[in-house]
Amino acid sequence: MTKNLFVLSSEISRALNLSMPIVALESTVITHGLPRPQNMELAQEMERNVRQQGAVPATIAVLDGIVRIGLTQAELERLSSAPKPLKVSRRDFAAAVVKKASGGTTVAGTMLAAHHAGIQVFATGGIGGVHKESRFDISTDMQALADTPMIVVCAGAKSILDLPATLEYLETMAVPVVGFQTDEFPAFYSRESKLPVSVQLDSAKEIVDFAKAHWKMGLKSAILVAQPIPAECSLPREEIDPIIAQASRDARKENARGQDLTPFLLKRINELSEGRSLQANLALLRNNATLAAQIAKAMVVEQRRRVI
Ligand code: PSU
Ligand code: MN
């Protein structure tokens, strides 16, 4: 077995040594969330957006049984065209390692690896939560948010999930849900859900101050920052909700369950919306990468201030 299960890219290793701002990026969105070739384009765009803000992107994935923190272009290329990639959440790392397999890390999987490397800010699209089809199907993302001190930027969650139950679960697990410039929890494709966040914050600096205060209380939970999709790319609920409902019915009919349920629903929604959902999905991912980079920079400013 390999000695080093976790391998940092040379760029990330240097960025960590120099205490530069770093943003972790997940890769299940590349392997299971988006079709080709948009998955590769998106992965590159998210990295570019992070760099444009002056931060360093660390896309995390498992390649041939090695957990890589920071991917080269060639590695990204390999991942996005891997024939049967695994979906690697927390319990799946050991299987990927012993089988020398490759796969995309989920929100929970990415948080585990990023935390191990000392990265504190992470950008994704949508988090997993409590499913509607089977309320016992609760994503491990919930548990990772409960026990990993990290700032996670998302666009809320899709209404493929039971959103009120998901928010209740986060409250139980002491995970603050921050609305970025909003007091409403965004529903991924749509900006509104009529469900409240636990606190509204309006700038990267405010989010960093909030996180410091939270962790100073001795809590180990993550801060979930929910940023609504840009208005011009959002889909009205009247349009997307029936599509999501249809996708859920199809999942039941075709018996999609467990790990396969979320990818099944994402694919079906893309098909049924004839690409409209895909465009929205790409826009919010890019937007989240940008905000996460601004937060990572504000975090470094705060840390330097404390050192001086
Ligand atoms: N929701 C999305 N897009 C995604 C996912 C969720 O809108 O790509 C992915 C994320 O990687 C998330 C995972 O962590 O699915 C959750 O899967 P599950 O529900 O099986 O835990
Ligand atoms: Mn599940």
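Start at 1 and go down the list; that is how both ligands and their atoms are numbered.
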Inset, instruction - Check ligand 1 against Phe188 and write out every atom of the ligand that is under 4.0 Å from a heavy-atom position of the residue. - result: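 Near Phe188, the atoms of ligand 1 are 7 (O).
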Inset, instruction - For Lys212, look at atom NZ and say whether over 12 heavy atoms of other residues, nucleotides or ligands are found less than 6.0 Å away. - result: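 Result for NZ/Lys212: enclosed.
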For [X], which part has a heavy atom under 4.0 Å from ligand 1: side chain, backbone, both, or neither?
| X | value |
| --- | --- |
| His131 | side chain |
| Leu266 | side chain |
| Thr262 | side chain |
| Val107 | both |

Legend entry - Criterion side-chain contact (heavy atoms from CB on, under 4.5 Å) against Leu71, the qualifying member of Ile12, Thr59, Ile30: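 Among the candidates, only Thr59 passes.
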Answer yes or no: is there a side-chain heavy-atom contact under 4.5 Å between [X] and [Y]?
| X | Y | result |
| --- | --- | --- |
| Leu272 | Gln246 | yes |
| Ser277 | Tyr189 | yes |
| Thr140 | Arg91 | no |

Which residue supplies the protein heavy atom nearest to [atom], what is that atom called, and how far is it?
| atom | value |
| --- | --- |
| atom 7 (O) of ligand 1 | Lys158 NZ, 2.2 Å |
| atom 9 (C) of ligand 1 | Thr28 CG2, 4.1 Å |
| atom 21 (O) of ligand 1 | Ser139 OG, 2.7 Å |
| atom 10 (C) of ligand 1 | Glu26 OE2, 3.7 Å |

Inset, instruction - Run the salt-bridge test on Arg268 and Glu271 with the 4.0 Å N-O cut-off and return the result as yes or no. - result: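 Looking at Arg268 and Glu271, the cut-off is met.
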Inset, instruction - Would you tell me which option among Ser27, Ser89, Gly126 has the nearest heavy-atom contact to atom 6 (C) of ligand 1? - result: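 The option holding the nearest heavy atom is Gly126.
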Inset, instruction - Check each of Gln259, Lys87, Met111 against atom 20 (O) of ligand 1 and report the one with the nearest heavy atom. - result: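 Closest candidate by heavy-atom distance is Lys87.
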Legend entry - Nearest-0.5 Å distance, CG of residue Asn49 to CD of residue Gln294: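 The CG atom of Asn49 sits 10.0 Å away from the CD atom of Gln294.
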Inset, instruction - Say whether Thr105, considering both its backbone and side-chain N or O atoms, lies within less than 3.5 Å of an N or O atom on ligand 1. - result: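 Checking ligand 1 against Thr105, no N or O pair falls under 3.5 Å apart.
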Inset, instruction - Would you check the N or O atoms of Asp141, main chain and side chain alike, for any that come under 3.5 Å of an N or O of ligand 1? - result: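 Yes, at least one N or O pair falls under 3.5 Å.
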Inset, instruction - Just say parallel, tilted or perpendicular for the rings of Phe6 and His116, cut-offs at 30° and 60°. - result: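 Ring orientation, 0 to 90° scale: parallel.
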Inset, instruction - Among Ile, Leu, Val, Met, Phe, Trp and Tyr joined by side-chain contacts under 4.5 Å, find the other residues sharing a cluster with Leu219 and list them by chain and number. - result: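 Noted: Leu219 shares its cluster with Met217.
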Inset, instruction - Output the atom name for the N/O/S atom of Asp137 with the smallest distance to the Mn ion (ligand 2). - result: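 When I compare the N, O and S atoms of Asp137, OD1 is nearest to the Mn ion (ligand 2).
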